[in-house]
Amino acid sequence: MECVFGLVGDGFALIAADSSAVNSILVHKSNEDKIMVLDSHKLLGASGEAGDRAQFTEYIQKNVHLYQFRNGIPLTTAAAANFTRGELATALRKFCFGQSPYFVNILLAGYDKEVGPSLYYIDYIATLHKLDKGAFGYGSYFSLSMMDRHYRNGMSLEQAIDLVDKCIIEIRSRLVVAPPNFVIKIVDQNGAREYSRRESIPSV
Amino acid sequence: MARYDRAITVFSPDGHLFQVEYALEAVRKGNAAVGVRGTDTIVLGVEKKATPKLQDSRTMKKIASLDRHIALACAGLKADARVLINRARIECQSHRLTLEDPVTVEYITRYIAGLQQKYTQSGGVRPFGLSTLIVGFDPYTGTPSLYQTDPSGTFSAWKANATGRNSNSMREFLEKNYKDTSGQETIKLAIRALLEVVESGGKNIEIAVMTKEDGLRQLEESEIDLIVAEIEAEKAAAEAAKKAPSKEDT
């Protein structure tokens, strides 16, 4: 029941993710941060198997940092997305020595000076799409429909947050075991940072 | 394949490892490098040998960043340096990944020294021909550190040290003039040590300053020129002060 969705606006990209960590019928915590700050201008929102999510995203983050130290400049968002997809693709066909595919779905948002904001959809079987809006999970049935209806190119931050709130309301009201709390993070020319949280119950 | 597992670095009858000593010779021929530890600032300085006219000097950075809080300067074989620096950078990220903690300066120094030692005790390989000066701030206590490694794989911590060409003169200067400094004073001390053996001027020196808050910062040539001018003025004033009393005697 994990919900991750994101969109590109005017000079920024944002990702919203639910913050519940669940094991069968038990909610471990409801303030889990699933959107990793990959580097100064990149966000990685991930959903899926909890262990794989932490393992894989941290692995990607450290490799992105290594590239920066080796080369003196950061990876572009496109390069980071393709690298991530490549790692998923390699692990996909490796069913040996205890390595199995990573069950992680990823939305990668970034800001590059030359290109501006961008969003990449990478699913667990290494599909890569550059999109204006994307979503994963059961929540995508509702958030994607909401975004299809209300999204326009080059939305301002206020309009985008309003759309995100509309999506969250849909998810909360229509999804059977809807996650109560969400985290919203944005990335623009000033960097990647947490924008806000949406809490309908105090986090445990 | 069996031909390549014979050791190259073997003991001489009087207990020397000549390959290691020859590697130290290579270091002695390398460009001068100096490191000075202040209370809140650490400075690395490297001599910039004259660049050929057609070479783009920006591509030859002599002071390398290993992580956000660690930097390295070296003297000796630059190609060997590339390999060591690459391994150290990977180790810094690997440590962060597996231990969720940045490396301490001592850890990464021990790692680099360990690598250098391995290559003095393995078949078919020669030692790395460089000595490194590693600086950084401890990620938790914030204390600054300066370490040096050499081709034999030994390492130790220093308040200030020099390696490469004319390192003995620089070290002598530092021993005479070292005192606890901070900020700009630390930078000046490092530049003064380098100027003992290097032709004066911003285009012959590369200086990088590390602080806890801002990490590593390379100084611009113009900034270095300003400080060099300050140092020369201070030297001239000291000379004049020395001469003036003797004039009054006559």
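Only heavy atoms go into these numbers, but all of them, side chains included; no hydrogens, no water, no symmetry mates. Throughout, protein chains are lettered first and strands after them, A, B, ... in sequence-line order, and every chain is numbered starting at 1.
Between the OG1 atom of B:Thr98 and the NZ atom of A:Lys62 there is a distance of 9.5 Å, given to the nearest 0.5 Å. In this structure, CD1 on B:Ile90 lies 9.0 Å from CG on A:Asn63, to the nearest 0.5 angstrom. A distance of 9.5 Å separates OG of B:Ser65 from CD of A:Gln68, quoted to the nearest 0.5 Å.
Residue A:Phe69 comes nearest to B:Arg89 through the heavy atom pair O-CZ, 2.9 Å, listed as atom of the first residue, atom of the second, then distance.
The side-chain heavy atoms of B:Arg96 and A:Gln61, taken from C-beta on, include no pair separated by under 4.5 Å. Contact of the A:His65 side chain with the B:Arg68 side chain is registered, since non-hydrogen atoms from C-beta on lie closer than 4.5 Å.
A 6.0 Å sphere centred on CZ of A:Phe83 holds more than 12 heavy atoms belonging to other residues, nucleotides or ligands. Applying the 6.0 Å contact sphere to NZ of A:Lys94 captures no more than 12 heavy atoms from other residues, nucleotides or ligands. Counting heavy atoms of neighbouring residues, nucleotides and ligands inside a 6.0 Å radius, atom CD of A:Glu194 exceeds 12 of them. Shown here is A:Tyr141, whose OH atom has no more than 12 heavy atoms of other residues, nucleotides or ligands within 6.0 Å. Around the CZ atom of B:Arg82, the shell of radius 6.0 Å holds no more than 12 heavy atoms that belong to other residues, nucleotides or ligands. The environment of CZ in A:Arg197 is crowded: more than 12 heavy-atom neighbours from other residues, nucleotides or ligands sit within 6.0 Å.
There is no contact between B:Ile85 and chain A, counting heavy-atom distances below 4.5 Å.
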